[in-house]
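Step one of this worksheet: look at the structure below.
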Amino acid sequence: MFRLKLYKTVLIHKIMHKHILCLAIESTAHTFGASVVEFDSGKFSIRSNVRDMYKTEKGGLIPSQLAEHHVECFNRIISDALEKSHKSLKDIQVIAFSQGPGMGHALRIGAVAARSLAIQNNIPLIGVNHCVAHLEIASIYGAKDPVLLYASGANTQVIAYDGGKYRVFGETLDMGVGNFIDAFGRELGLGFPAGPKIDEMARRAKERKEAYIALPYSVKGMDVSFSGMFTKLRTMIKSGEYNTPEKKEQLCMSVEETVFAMLLEVSERAMAHCEKKELVLGGGVACNSRLQEMARIMCRQRDATCIIPENQYLVDNAAMIGVLGVKMFLANRRTTVQQSKIRPYERTDDIVVDWK
Ligand code: ATP
Ligand code: FE2
């Protein structure tokens, strides 16, 4: 027992005095990102965090065009990240990349870039799980053992650490909340991504003190579902009753109130079940001002801490890949080129967490 304690103390002491520079690459979906993350004496600093997002006027996504976007921008984004951090590849000790989950067309570009740079420059490689990275970035804000509400385009999950792994306590049974919001926005004639516009429109309706329009509220145990609400909304919009700017704003507000109440109900239940006192928000939808407000209120009522990273670390970004990459590197994890195949369907609870 004493030996184990001593070993742990020596290990922590060794890690605390390490200096590591990590080049990180993110490309699970619309965003291609690169970042230089520095770890020095137990502290993380994000030296640069650069990104470029594939956007469309009408919504929808063509995988081949998305891949083309990433191919066209990857060199510029990686060079930019290095330049902004005043570092060159010679200074980098590890290259981290998002290995999964995500869209094959997108993941492949980031993986090829990471692999090529690692081979050419003889730098170790680490493949990182994107969802776990959304959670781990919160440690730079002091999070110790949080519940994560991960609300992005494709993903909607409530995740927490339990028994050596990150477990998914609840998730969407159909579409991701961001995809739902974007699809609803498309019905209203808003471009992609619709989330930020809906945020703004809902705020205007709230300022006018518009009435809430009742919508299907769908929480099943620890899971949520959006398809029923989407069908209902499509019928409502098609009826022509919600064509004026004011009516559209009122609908946006009602959608936000319903959907965010659902997400926070399952988050709160996970916090109570796991007896955790921290909630972290992650994913692009977590940029929403009303979701942030509701999360803060819920945490205050539970006497818990609400941690909301800056927007640039909520949306898909490479800095979070770098933070997790460094943690895994310190735990002696490495990904050989043979092991670096993309994992589009990797699940959060597939990952063995040995860096804590
Ligand atoms: P992932 O691969 O993790 O699923 P993603 O590709 O969907 O991520 P993110 O950047 O995490 O990318 O999230 C994008 C989503 O966030 C879009 O659906 C967008 O509409 C939504 N979004 C962004 N800002 C807001 C906002 N203020 N309110 C609501 N939704 C928002
Ligand atoms: Fe994400």
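Atoms within each ligand, like the ligands themselves, are counted from 1 in listed order. One-based numbering along the sequence shown.
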Where ligand 1 meets [X] - atom numbers and elements under 4.0 angstrom, heavy-atom basis:
X: Ala29; value: 2 (O), 6 (O)
X: Thr28; value: 2 (O)
X: Gly178; value: 18 (O)
X: Asn155; value: 1 (P), 3 (O), 4 (O)
X: Tyr150; value: 1 (P), 3 (O)

Quiz question: by atom type and distance under 3.5 Å, do the side chains of [X] and [Y] form a donor-acceptor pair?
X: Tyr54; Y: Glu68; value: no
X: Asp174; Y: Ser227; value: yes
X: Glu38; Y: His19; value: yes
X: Thr348; Y: Lys165; value: no
X: Gln339; Y: Thr336; value: yes

Side chain, backbone, both or neither: the part of [X] lying under 4.0 Å from ligand 1 by heavy atom:
X: Asp316; value: both
X: Val315; value: both
X: Asn288; value: both

Determine, considering heavy atoms only, which of [options] sits nearest to [atom].
atom: atom 13 (O) of ligand 1; options: Cys287, Gly282, Gly195, Gly284; value: Gly284
atom: atom 4 (O) of ligand 1; options: Pro193, Gly283, Ser152, Gly33; value: Ser152
atom: atom 14 (C) of ligand 1; options: Pro196, Cys252, Gly153; value: Gly153

task = Report yes or no: do Ile137 and Val50 belong to one cluster of Ile/Leu/Val/Met/Phe/Trp/Tyr joined by side chain heavy-atom distances under 4.5 Å?
result =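 They do not share one cluster, since no chain of ILVMFWY contacts under 4.5 Å joins Ile137 to Val50.
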task = May I ask you to determine how many protein N/O/S atoms are under 2.8 Å from the Fe ion (ligand 2)?
result =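 If we list every protein N, O or S atom nearer than 2.8 Å to the Fe ion (ligand 2), we get 4.
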query = Does a side-chain heavy-atom distance below 4.5 Å link Arg347 with Val168?
reply =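 Sidechains of Val168 and Arg347: in contact.
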key: Ion pair Lys247/Glu241, N-O distance below 4.0 Å   = no
All pairs passing salt bridge (charged side-chain N to carboxylate O under 4.0 Å, His left out) where residues 138-149 contributes a residue, at least two apart =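 For residues 138-149: Asp145-Lys276.
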task = Note the single closest protein heavy atom to atom 17 (C) of ligand 1, along with its residue, its atom name and the distance in Å.
result =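 Heavy-atom neighbour on the protein nearest atom 17 (C) of ligand 1: Asp182 OD2, 3.4 Å.
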key: Protein contact of atom 27 (N) of ligand 1 - nearest heavy atom, named by residue and atom, plus distance   =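 Here the nearest protein heavy atom works out to Asp199 OD2, 3.0 Å.
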task = Consider every N or O of His30 and every N or O of ligand 1, then say whether any pair is closer than 3.5 Å.
result = yes
request  = With Lys206 as reference, evaluate Glu249, Glu257, Gln250 under the side chain to side chain donor-acceptor pair (under 3.5 Å) test and give the passing residue.
outcome  =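 Of all the options given, the one that passes is Glu257.
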ask   = So, does His130 sit close enough to ligand 1 that a heavy atom of it is under 4.0 Å from the ligand?
value =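 Yes, His130 has a heavy atom closer than 4.0 Å to ligand 1.
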key: Side-chain (His134) to main-chain (Val315) donor-acceptor, under 3.5 angstrom   = no
task = Would you confirm whether Asn317, through its side chain, and Met320, through its main-chain N or O, come within 3.5 Å as a donor-acceptor pair?
result =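 Confirmed, Asn317 side chain pairs with Met320 backbone.
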task = Answer yes if the ring centres of His30 and Phe192 are under 6.0 angstrom apart, and no otherwise.
result =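 His30 vs Phe192: aromatic centres under 6.0 Å.
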